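Keep in mind that what you see is a predicted model, and the values were worked out from it rather than measured.
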Amino acid sequence: MDSETFQLFLWVMAGIALIVFVALYFVKAGYGMFRTPSWGWAVDNKLAWVLMESPVFVVMLVLWLCSGTGFALPQFVFLFLFLFHYFQRSFVFPFLMKGKSRMPVAIMAMGMVFNVLNGVMQAGGLFWFNENVPTGIGAAYLLEPHAWLGLSLFVIGMGINLHSDHVIRHLRKPGDTRHYLPQKGMYRYVTSANYFGELVEWTGFAILTVSPAAWVFVGWTAANLVPRADAIHRKYREEFGVEAVGNRKRIIPFIY
């Protein structure tokens, strides 16, 4: 793939993200609290998460090995952060989940396709087609103000995401299948604090790497999570009442 083809690839991915963003305000992705039989055959949630998230980890790792970048800085730091997130998401997060939920195969398959494409997109944006950060310019890059900002946002976002997942996991006692309104941490400000954390995390990654591909990924993250956060907010208001939800926003504190 040459540079022009890669740029076209980014534009196509960005265009599809916009379509997905609009569509998800009308069609609720059928997993979690929105799963219905109409989505068809479903598999164990833990297995589905591993199969859905792990392709991007594998693709990124393989393409890094093929790129010849090696341990050159700052690219290796970028790689480490990306793989650290997806190792947790692919091989730790699923096995911390409680209950016996199931995920539709259709949702899992769509997630797998996106993650393969995103692995190609991010690897291209980090190891081959990022004129903003030439390969091997050195560790001094990480001392630049924008790099510090990006790294800080990445760490803060991941911390919010992990803590919010922890809060959700401990809402129910064993055997309990009811829904509860999360109250701790960033859930005091938004009803989808885990999504807020992930959005902050990948925004930080894009600022750190100055990669157009990373910014397209931020767009995809928003396209998937913002409409779902809206659906969750509406669900909570219906189930627990407007007063219980209070002034919490959907995904961005004090804004939306």
### Message
Less than 3.5 Å apart, any donor N or O on the side chain of S164 or N161 sitting next to an acceptor on the other?
### Response
no

### Query
Is there a donor-acceptor contact under 3.5 Å linking the side chains of S67 and T69?
yes

### Query
Of the non-hydrogen atoms in V50 and S90, which two are nearest, and what is the gap between them?
CG2-O, 3.3 Å

### Task
Could you grab the distance from atom CG of D2 to atom CD of Q7, nearest 0.5 Å is fine?
10.0 Å

### Task
Show the numbers, then the answer: is there a side chain to side chain contact (heavy atoms under 4.5 Å, CB included) between F196 and L225?
CA-CA 9 Å; F196 170 66; L225 300 186; over 6 Å; no

### Query
Would you say M13 and L18 are hydrophobically clustered, going by side-chain heavy atoms of ILVMFWY under 4.5 Å?
no

### Message
Main chain of A42, side chain of R102: is a donor-acceptor contact present, judged purely on distance under 3.5 Å?
### Response
yes

### Query
Taking a hydrophobic cluster as the set of Ile, Leu, Val, Met, Phe, Trp and Tyr residues connected by side-chain heavy atoms closer than 4.5 Å, whether directly or through intermediates, do F154 and L143 fall within one such cluster?
no

### Verdict with supporting geometry, T5 and S3, side chain to side chain contact (heavy atoms under 4.5 Å, CB included)
CA-CA 5 Å; T5 303; S3 178; over 6 Å; no

### Message
With a 3.5 Å distance limit and no angle check, can you tell me whether Q122 reaches the backbone of L117 through a side-chain donor-acceptor pair?
### Response
no

### Query
When rounded to the nearest 0.5 angstrom, what distance separates CE in M52 from CH2 in W49?
4.0 Å

### Query
Does OH in Y256 sit with more than 12 non-hydrogen atoms of other residues, nucleotides or ligands closer than 6.0 Å?
yes

### Message
Membership question, hydrophobic clusters at under 4.5 Å side-chain separation (ILVMFWY): are Y25 and I19 in the same one?
### Response
no

#### Entry: From CD1 (I107) to CE (M110), nearest 0.5 Å
4.0 Å

### Query
Under a 4.5 Å side-chain heavy-atom rule over Ile, Leu, Val, Met, Phe, Trp and Tyr, are I251 and V167 clustered together?
no

### Message
Please give me the minimum heavy-atom distance between A222 and P227, naming the atom from each residue.
### Response
O-CD, 3.5 Å

### Task
Determine yes or no for a side-chain-to-main-chain donor-acceptor pair under 3.5 angstrom, with H170 supplying the side chain and H166 the backbone.
yes

### Query
Out of curiosity, K184 NZ to I168 CD1, how far, rounded to the nearest 0.5 Å?
13.0 Å

### Query
Got a donor-acceptor contact below 3.5 angstrom from the K46 side chain to the M97 backbone?
yes

### Query
Quick one: are the ring centres of W202 and F205 less than 6.0 Å apart?
yes

### Query
What about the rings of F6 and W128, do their centers lie closer together than 6.0 Å?
no

### Query
So how far is it from E198 CD to L162 CG, rounded to the nearest 0.5 Å?
10.0 Å

### Query
Hey, are the side chains of M186 and P253 touching, using non-hydrogen atoms and a 4.5 Å cut-off?
yes

### Task
Taking the side chain as every heavy atom from C-beta outward, state whether M60 and Y86 have any pair of such atoms under 4.5 Å apart.
no

### Query
Are any of the side-chain heavy atoms of Y195 and I232 separated by less than 4.5 Å?
yes

### salt bridge (Lys or Arg N to Asp or Glu O under 4.0 Å) partners for R89, two or more places apart
D165

### Full working for side chain to side chain contact (heavy atoms under 4.5 Å, CB included) between E201 and L153
CA-CA 6 Å; E201 184 180 351; L153 287 176; over 6 Å; no

### Message
Under 3.5 Å, is there a donor on one side chain and an acceptor on the other for Y141 and H146?
### Response
yes

### Query
So, R234 side chain and A231 main chain: donor-acceptor pair closer than 3.5 Å or not?
no

### Task
Compare all side-chain heavy atoms of L208 with those of L81 and state whether any distance is below 4.5 angstrom.
yes

### Query
Which atom pair, heavy atoms only, marks the closest approach of L51 to M112?
O-CG, 3.2 Å

### Task
Taking the side chain as every heavy atom from C-beta outward, state whether N130 and S211 have any atom pair closer than 4.5 Å.
yes

### Query
Hey, quick one: are L126 and F71 part of the same hydrophobic cluster, counting side-chain heavy atoms closer than 4.5 Å, chains of contacts allowed?
yes

### Query
According to the interplanar angle, ranging from 0 to 90°, do the rings of F240 and Y236 count as parallel (below 30°), tilted (30 to 60°) or perpendicular (above 60°)?
tilted

### Query
Can you tell me how far NZ of K235 sits from CG of L181, rounded to the nearest 0.5 angstrom?
13.0 Å

### Query
Any luck finding a side-chain donor-acceptor pair between Y189 and R248 under 3.5 Å?
no

### Query
Looking at the rings of F80 and W64, which for Trp means the six-membered one, are their centres under 6.0 Å apart?
no

### Residue pair R250 / V190: nearest heavy atoms and the distance that separates them
O-CB, 3.6 Å

### Query
What's the shortest heavy-atom distance between I160 and A193, and which atoms?
CG2-O, 3.6 Å

### Query
Less than 4.5 Å apart, any side-chain heavy atom of V245 and any of T191?
yes

### Task
Heavy atoms only: give me the nearest P134-Q75 pair and the separation to one decimal.
O-NE2, 3.4 Å

### Query
Side-chain contact, heavy-atom cut-off 4.5 Å: N224 with L24?
yes

### Message
side chain to side chain contact (heavy atoms under 4.5 Å, CB included) for V116 and V56? Distances and angles first, verdict last.
### Response
CA-CA 5 Å; V116 169; V56 71; over 6 Å; no

#### Entry: Residue pair I207 / W215, side-chain heavy-atom distance below 4.5 Å
yes

### Task
Step through it carefully: locate the ring centre of F57, locate the ring centre of F91, and say whether they are under 6.0 Å apart.
yes

